[in-house]
2 protein chains.
Amino acid sequence: MNLLFKALAHPVRRRIIDMLRAGPLASGDIAAEFDMAWPTVTGHLTALKEAGLVDAERAGASIRYRLNISAVEEALAFLMDLVRTGDPAAKPQET
Amino acid sequence: MNLLFKALAHPVRRRIIDMLRAGPLASGDIAAEFDMAWPTVTGHLTALKEAGLVDAERAGASIRYRLNISAVEEALAFLMDLVRTGDPAAKPQET
DNA sequence: AGACTAATTAGGAATAAACCTAATTGCAAG
DNA sequence: CTTGCAATTAGGTTTATTCCTAATTAGTCT
């Protein structure tokens with residue numbers, strides 16, 4: 001949970017997630033989109049992987065990163081719970 | 001957006017949010033729940049305030065913190081968008 | 001005013017994060 | 001087997017975060 005929100009707390013990592021919505025991408029393709037050194041991007045990919053937000057698999061010479069939706073859903077569930085019980089207009093008990 | 005996820009990326013701050021779901025609390029009441037110095041908690045409250053997750057207002061001698069649901073909803077919307085267009089089973093276009 | 005309580009601000013130390021360059025590993029051809 | 005491309009790991013610097021204690025501000029009460 002903590003690694004998850006930490007991973008989301010960086011613009012570069014959020015943009016990587018955004019890129020991966022269209023489908024898996026190679027590390028190099030991702031790195032090419034940013035104005036920073038490739039190893040820096042590798043670091044961000046590692047953070048995303050450790051948070052469970054992406055999976056990596058080797059495909060020949062390159063490595064393909066794929067978005068893992070279920071990790072996003074986990075964060076989503078946390079926030080939904082927060083909104084539900086925190087909003088006075090949405091308590092099922094006191095109808 | 002960035003401050004928002006950054007604020008959520010710390011267990012103490014998430015627990016403060018959780019505490020505030022039941023209703024507003026004074027700074028001291030919040031600080032009393034943690035095993036750390038009060039000024040440290042003040043720092044976390046400031047981070048939450050800057051993220052828009054809480055509002056603070058003075059109430060006599062004390063200061064009351066209140067959860068701001070709409071900021072949570074903002075994060076929620078971001079993640080929802082991610083799940084929607086990232087999930088192959090949920091593309092309305094290709095039915 | 002003076003004393004007491006609530007909370008923040010100031011300043012500083014320890015730890016973690018983000019970034020870089022250089023060196024290394026893993027695969028694929030030739 | 002060696003050359004070349006893809007990507008990561010290593011090592012180090014800069015900046016940000018987290019936490020502490022001490023000092024300060026703000027409000028209450030007698």
Side-chain angles (χ1 to χ4, degrees), chain A residues 1-20 22-68 71 75 78, chain B residues 1-20 22-68 71 75 78:
Chain A
M1 197 76 199
N2 208 38
L3 287 178
L4 189 51
F5 278 112
K6 246 186 192 162
L8 289 167
H10 194 287
V12 167
R13 291 191 293 257
R14 285 198 302 277
R15 186 160 155 226
I16 291 174
I17 292 174
D18 189 59
M19 289 171 65
L20 291 175
L25 286 172
S27 181
D29 293 337
I30 297 167
E33 286 291 313
F34 295 96
D35 229 18
M36 51 180 61
W38 192 343
T40 302
V41 175
T42 294
H44 286 304
L45 287 170
T46 300
L48 288 167
K49 198 165 55 184
E50 283 172 351
L53 281 162
V54 305
D55 298 317
E57 75 174 331
R58 184 169 277 281
S62 66
I63 293 177
R64 300 187 78 71
Y65 284 85
R66 170 192 322 276
L67 182 58
N68 186 350
F78 177 86
Chain B
M1 197 77 202
N2 207 39
L3 288 179
L4 189 51
F5 279 112
K6 245 184 193 165
L8 289 166
H10 194 288
V12 166
R13 291 191 294 259
R14 285 197 303 276
R15 185 159 156 226
I16 291 174
I17 292 173
D18 189 60
M19 288 171 66
L20 291 175
L25 287 174
S27 180
D29 294 337
I30 296 168
E33 286 292 312
F34 295 96
D35 229 18
M36 50 180 62
W38 191 343
T40 301
V41 175
T42 294
H44 286 304
L45 287 169
T46 300
L48 288 168
K49 199 166 54 185
E50 283 172 352
L53 280 162
V54 306
D55 298 318
E57 74 175 332
R58 183 169 279 279
S62 65
I63 294 178
R64 300 188 79 71
Y65 283 85
R66 171 192 321 277
L67 182 57
N68 186 349
F78 176 87

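We name chains A, B, ... by the order of the sequence lines, and we start the count at 1 in each one. Worth saying up front: this structure is predicted, and the values here are computed from it rather than measured.
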query: Nearest-Å distance, CZ (B/Phe5) to C1' (D/dA16)?
result: 20 Å
message: Please compare A/Ala59 and A/Ala9 by the position of their nearest nucleotide in DNA chain C and report the one closer to 5'.
response: A/Ala9
statement: Here the gap from B/Leu20 atom CG to B/Asn68 atom CG, rounded to the nearest 0.5 Å, amounts to 11.0 Å
query: Considering only heavy atoms from C-beta outward, does the side chain of A/Leu8 approach that of B/Phe5 to under 4.5 Å?
result: yes
message: Without decimals, in angstroms, what is the distance between B/Leu45 CG and C/dA6 C1'?
response: 13 Å
- line: A/Phe34 atom CZ is separated from C/dC20 atom C1', nearest whole Å, by 17 Å
- request: Please report, rounded to the nearest Å, how far the C1' atom of D/dT15 is from the CE atom of A/Met36.
  value: 14 Å
- line: Residues pairing under salt bridge (charged side-chain N to carboxylate O under 4.0 Å, His left out) where one sits in residues 33-43 of chain A, two or more places apart or in two chains, turn out to be A/Arg15-A/Glu33
Only pairs under 3.5 Å count here: list side-chain donor-acceptor contacts from residues 52-62 of chain B, not counting sequence neighbours, and write none if there are none.
unit_1: B/Glu57; atom_1: OE2; unit_2: B/Arg66; atom_2: NH2; d: 3.0
unit_1: B/Arg58; atom_1: NH1; unit_2: B/Gly60; atom_2: O; d: 3.3
unit_1: B/Arg58; atom_1: NH1; unit_2: B/Ala61; atom_2: O; d: 3.4
unit_1: B/Ser62; atom_1: OG; unit_2: B/Ala59; atom_2: O; d: 3.4

Axis-to-axis angle between the two ends of the helix from C/dA1-D/dT30 to C/dG30-D/dC1 (five base pairs per end, rounded to 10 degrees): 20°
- request: State which residues pass side-chain hydrogen bond (donor to acceptor under 3.5 Å, both in side chains) with A/Asn2; sequence neighbours excluded, sorted by chain then number.
  value: B/Arg14
Return the polar atom pairs (N/O with N/O) between nucleotides 5-7 of chain D and the protein under 3.5 Å, or none.
unit_1: D/dA7; atom_1: OP1; unit_2: A/Ser27; atom_2: N; d: 3.4
unit_1: D/dA7; atom_1: OP1; unit_2: A/Ile63; atom_2: N; d: 3.2
unit_1: D/dA7; atom_1: OP2; unit_2: A/Gly28; atom_2: N; d: 2.8

Please output the side-chain donor-acceptor pairs of residues 36-49 of chain A that fall under 3.5 Å, not counting sequence neighbours, one pair per line with the distance.
unit_1: A/Trp38; atom_1: NE1; unit_2: A/Ser27; atom_2: OG; d: 3.1
unit_1: A/Thr42; atom_1: OG1; unit_2: A/Trp38; atom_2: O; d: 3.4
unit_1: A/His44; atom_1: ND1; unit_2: A/Arg13; atom_2: NH1; d: 3.2
unit_1: A/Thr46; atom_1: OG1; unit_2: A/Thr42; atom_2: O; d: 2.9

field: Residues that A/Asp29 engages under side-chain hydrogen bond (donor to acceptor under 3.5 Å, both in side chains), provided they are two or more places apart
entry: none
Could you run down the sub-3.5 Å N/O contacts of the protein with nucleotides 11-17 of chain C?
unit_1: C/dA17; atom_1: OP1; unit_2: A/Lys6; atom_2: NZ; d: 2.9

message: With heavy-atom distances below 4.5 Å as the criterion, would you say the side chains of A/Phe34 and A/Ile16 are in contact?
response: yes
query: How long is the line joining CG of B/Leu3 and C1' of D/dA16, in whole Å?
result: 13 Å
- prompt: Quick one: is A/His44 getting a side-chain N or O under 4.0 Å of the C/dC19 phosphate, OP1 or OP2?
  reply: yes
- line: Atom CD of B/Glu57 and atom P of C/dA7 are separated, to the nearest Å, by 13 Å
task: Return the value, rounded to whole Å, for the distance between atom CG of B/Asp35 and atom C1' of D/dC20.
output: 14 Å
query: Do you know the tightest heavy-atom contact between A/Glu50 and A/Leu3?
result: O-CD1, 3.7 Å
Reported CD1-to-CG distance for the pair A/Ile63 and A/Leu25, which is rounded to 0.5 angstrom: 13.5 Å
